[in-house]
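The next block holds one structure in the form of structure tokens; read it before the comments.
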Amino acid sequence: MPLDTMPQEKKKFGNVMIIGLGMIGGSFAKALKDRGLATLYGADRREGELALGVSTGVIDYPAELSAEYIGKMDVIILATPVRAMESVLSEIKPFLSERTLITDVGSTKGSVVEAVRRVFKEVPSNFIPSHPIAGAEKSGVLASNPLLFEKHMAIVTPLPDSNPVLLDRLHRIWRSVGADVVSMDVEHHDHVLASSSHLPHLLAYTLVDALANGERNQDIFKFAAGGFRDFTRIASSDPVMWRDVFMANKDATLATLDHFTDRLADMRTAIEQGDGASMFGVFTRAKSARDHFLRVLEQRTIGSTKEVRPVSLSVLPASALKGSISLLGDKSLSHKAITIAALSTGISELKNIDLNGDVRITIQAFRDMGVVIEEMATDQLRVHGVGLRGLKAPIAPINVYESRESLYLLLPVLAGQSFVASVAAEGKLLNQSLSDLFSLVRDMGCEVTSEVADCLPTILSPGECSKISISLKSGSERLRMAAFLATLYAPGNGYVTPLMLGLSHCEVLLRRFGIAISETDNGFNVEPSAPVGSHIILSGDEHEAAWLVLLASLLPGSELIIENVGLDSVSFDYLSFLQSIGADISLPSAGLMGLHEGALRVCFSELKAFSLSSEQSYQFRDELPLLCVAAAYTNGESHIKGISQLPYYYEDRILALVDALEQMRITSVYENGELIIKGGLPQGGELDCAGDDRLALAMIALGARSKAVTKINDCQKLLEEFSELESVALQLGFHCLVAQ
Ligand SMILES: NC(=O)C1=CN([C@@H]2O[C@H](COP(=O)(O)OP(=O)(O)OC[C@H]3O[C@@H](n4cnc5c(N)ncnc54)[C@H](O)[C@@H]3O)[C@@H](O)[C@H]2O)C=CC1
Ligand SMILES: O=C(O)C(=O)Cc1ccc(O)cc1
């Protein structure tokens with residue numbers, strides 16, 4: 001149909017012409033057409049495709065590469081095989097307007113840019129290459145799928161002279177068909193795609209061809225299992241398209257093919273020599289890398305639409321805690337144990353380890369650096385340590401996502417390696433000053449560069465590590481462990497001076513892996529030593545234990561045994577403090593390593609009002625919400641000093657709890673940084689923990705003996721962090737219900 005007889009209605013992207021109306025061009029056309037975003041024209045050297053395009057509603061009109069059509073287009077998309085693009089460009093060149101955005105969907109970018117340069121002498125500002133990372137092994141217009149690009153990436157590779165308005169339009173048009181747009185330079189694109197897309201296609205084609213023409217070929221295909229089908233699906237792709245890709249992206253595909261061939265030769269040697277350990281290493285690393293990529297991809301695909309279901313928890317009054325229980329290990333200790341095991345020589349068996357949530361990020365980081373970590377059970381790992389300096393440079397930046405725990409462990413470890421490492425993060429860990437950690441890593445002689453000072457992402461360039469003597473300015477356990485890890489890389493003795501005296505899990509864990517740490521007058525001396533693989537059974541989570549102890553103390557009729565506690569100085573002091581205000585607790589005695597390890601017994605007992613000094617508030621800052629709840633159930637007036645001197649997030653937590661106390665009709669006054677709580681009987685009601693898992697546990701305890709039911713909203717994080725909460729409650733007879 002001639003253009004002057006066409007409808008005048010102007011759609012968002014105006015007149016869009018697809019040249020090469022096959023699977024990708026057709027999908028793009030149909031995606032725009034179905035959304036009513038453009039008037040679609042199609043051109044193809046095969047007329048049959050155009051007729052099919054019109055009859056199946058993929059395009060509005062067939063078109064020709066003539067002045068009549070080309071000059072009137074707002075957007076032109078080249079969707080032919082890449083080597084056909086040069087002749088198409090030569091054909092349309094005389095009629096092109098510089099207002100028209102021209103792009104392509106080719107799988108290679110360098111060759112397309114070269115073709116444009118050959119035709120136009122230089123790349124016109126209105127030609128901006130792109131590439132959707134979505135497709136299939138099918139071809140032709142009948143394989144068009146308007147949803148093909150939804151939640152897939154589209155790469156744009158703008159050039160320095162690209163017209164910004166048209167570049168913006170290109171982003172919009174890809175977004176409008178559901179793609180996530182990312183920018184990249186042409187050379188990087190061709191290298192990345194050579195490995196992620198071109199090499200796999202080459203392997204699939206070659207494998208099928210080699211087997212199809214080899215001996216016993218009939219039976220090979222007859223008995224092909226699912227793996228063969230999965231692996232070779234892409235060998236059904238269009239041969240013209242793929243011949244063009246390999247001719248167009250020669251250098252990058254050769255580089256990745258050579259790398260792969262070397263690795264394949266290594267595997268051949270391993271098989272020949274019966275070297276099971278090497279094979280096992282490759283297979284476990286590959287499995288974990290693939291599982292990880294799949295999870296990341298899944299998050300991308302469901303990402304934005306992933307619904308976080310609000311979870312609330314109702315506590316029914318009048319239960320008692322009875323029986324004995326063994327708790328899963330602490331998450332932060334799990335991270336730490338995995339880290340030291342990875343840096344040890346030899347094999348470590350880690351038991352009662354929490355493998356949920358962020359702990360997986362630490363595991364993945366070490367796997368990415370060549371550590372074989374086997375999952376023996378849902379709470380057991382076997383870690384094949386590589387030694388303090390034995391990590392391999394990862395192929396991509398180490399991403400700690402939002403895991404502060406992983407970050408604090410990995411940074412000093414990376415600073416001690418011989419390679420340069422990039423560390424990336426996401427969400428709340430970005431743009432947050434990490435000066436305490438960064439300065440520690442600088443003390444190790446490492447150069448730390450980041451765009452925003454002391455923030456992630458960062459690049460670590462290791463240097464010469466001299467004497468390490470660290471005086472900690474905060475009581476953070478993470479920083480303490482980071483400091484100890486740093487000392488392991490010092491040439492001589494290392495020293496760590498904590499803010500407060502006392503033994504923590506950091507020292508004990510390191511000692512369990514053979515590190516010689518002795519106590520000095522004001523801290524710890526770490527002798528030069530390397531960790532050796534060990535068998536470790538983590539003790540139960542101390543915070544969960546502290547919560548259960550409070551519940552059992554508050555609930556008449558309770559008699560609870562926690563079988564596997566391991567109390568460091570702070571936890572021991574905290575429980576001793578509870579004893580001093582009347583709690584009926586029997587604590588295990590100190591073991592060889594200095595921790596109080598073993599079974600803890602607790603029964604109901606009326607608690608007395610108390611006073612807490614500023615120093616005690618700081619020391620017990622993690623359990624302060626629980627202490628406020630204890631105060632709420634006493635008969636008198638408790639005073640908690642120094643709250644305003646705590647790091648702001650601890651103070652915020654207490655302020656949120658003050659609100660909850662008021663809702664439950666417990667009188668409290670917060671003045672000059674001191675909190676006064678007048679004990680009584682909480683009423684019950686509806687509370688909100690604002691997604692804070694520690695606050696949620698305190699609120700559950702607040703509702704434990706209240707007059708009426710207490711409902712706590714926003715408990716998703718709690719159930720993530722304390723995944724066994726429901727089963728623990730059920731086992732001990734504590735009545736709480738989870739509702740979505
Ligand atoms: N197939 C896939 O999964 C993906 C392909 N791509 C790229 O998209 C482009 C198109 O691929 P498909 O749609 O899969 O191929 P296809 O074979 O389905 O479509 C290509 C179309 O271009 C036409 N064509 C060939 N030479 C032409 C010329 N000189 N003038 C006009 N029309 C011509 C063909 O007749 C055919 O209809 C290629 O550059 C490919 O690298 C990009 C992402 C994914
Ligand atoms: O079908 C598949 O799995 C693909 O890999 C699709 C694909 C083919 C070529 C590209 O340039 C991008 C994506």
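Every number for a ligand or one of its atoms is a count from 1 in the order of the listing. Count residues from 1 along the sequence.
Every atom of ligand 1 is numbered from 1 in the order shown, and the set under 4.0 Å from a heavy atom of P132 is 43 (C). Near V82, the atoms of ligand 1 lying under 4.0 angstrom from a non-hydrogen atom of the residue are 39 (O). Every atom of ligand 1 is numbered from 1 in the order shown, and the set under 4.0 Å from a heavy atom of G140 is 16 (P), 18 (O). Near G135, with a cut-off below 4.0 Å to any heavy atom, the atoms of ligand 2 are 1 (O), 6 (C). Each of the following atoms of ligand 1 lies closer than 4.0 Å to a heavy atom of P81: 20 (C), 22 (O), 25 (C), 38 (C), 39 (O). For ligand 1, the atoms closer than 4.0 angstrom to any heavy atom of S139 are 16 (P), 17 (O), 18 (O). Residue contact check: A84 has heavy atoms under 4.0 Å from atoms 26 (N), 29 (N) of ligand 1. For ligand 2, the atoms lying closer than 4.0 Å to a non-hydrogen atom of M241 are 9 (C). When each atom of ligand 1 is checked for a heavy atom of G106 under 4.0 Å away, the hits are 39 (O). Taking a cut-off of under 4.0 Å to the non-hydrogen atoms of G135, the atoms of ligand 1 that pass are 3 (O).
Protein heavy atom in closest approach to atom 4 (C) of ligand 2: H201 CE1, 4.0 Å. The single protein non-hydrogen atom nearest to atom 8 (C) of ligand 2 is W242 CZ2, 3.8 Å, given as residue, atom name and distance. Nearest to atom 2 (C) of ligand 2 among the protein's heavy atoms is R233 NH2, 3.6 Å. Taking atom 12 (C) of ligand 2 as the reference point, the nearest protein heavy-atom neighbour is H131 NE2, 3.6 Å.
Only the backbone of A134 comes within 4.0 Å of ligand 1, counting heavy atoms alone; no side-chain atom from C-beta on gets that close. Contacts between S107 and ligand 2 below 4.0 angstrom, taking non-hydrogen atoms only, involve backbone and side chain alike.
Side-chain atoms of D60 come within 3.5 Å of backbone N or O of L40 as a donor-acceptor pair. Side chain of T253 to backbone of N249: a donor-acceptor contact under 3.5 angstrom is found. Formation of a donor-acceptor pair under 3.5 Å by the T157 side chain with backbone atoms of V186 is not found in this model. D354 places no side-chain N or O within 3.5 Å of a backbone atom of S334 that could act as its donor or acceptor partner.
The local environment of CZ in R172 is sparse, with at most 12 non-hydrogen atoms from other residues, nucleotides or ligands closer than 6.0 Å.
I24 and P132 make their closest contact through CG2-CG, 4.3 Å (heavy atoms, listed as atom of the first residue, atom of the second, distance).
The closest approach between a heavy atom of H131 and any atom of ligand 1 is below 4.0 Å.
A donor and an acceptor atom, one from each side chain of N213 and N217, are nowhere located under 3.5 Å apart.
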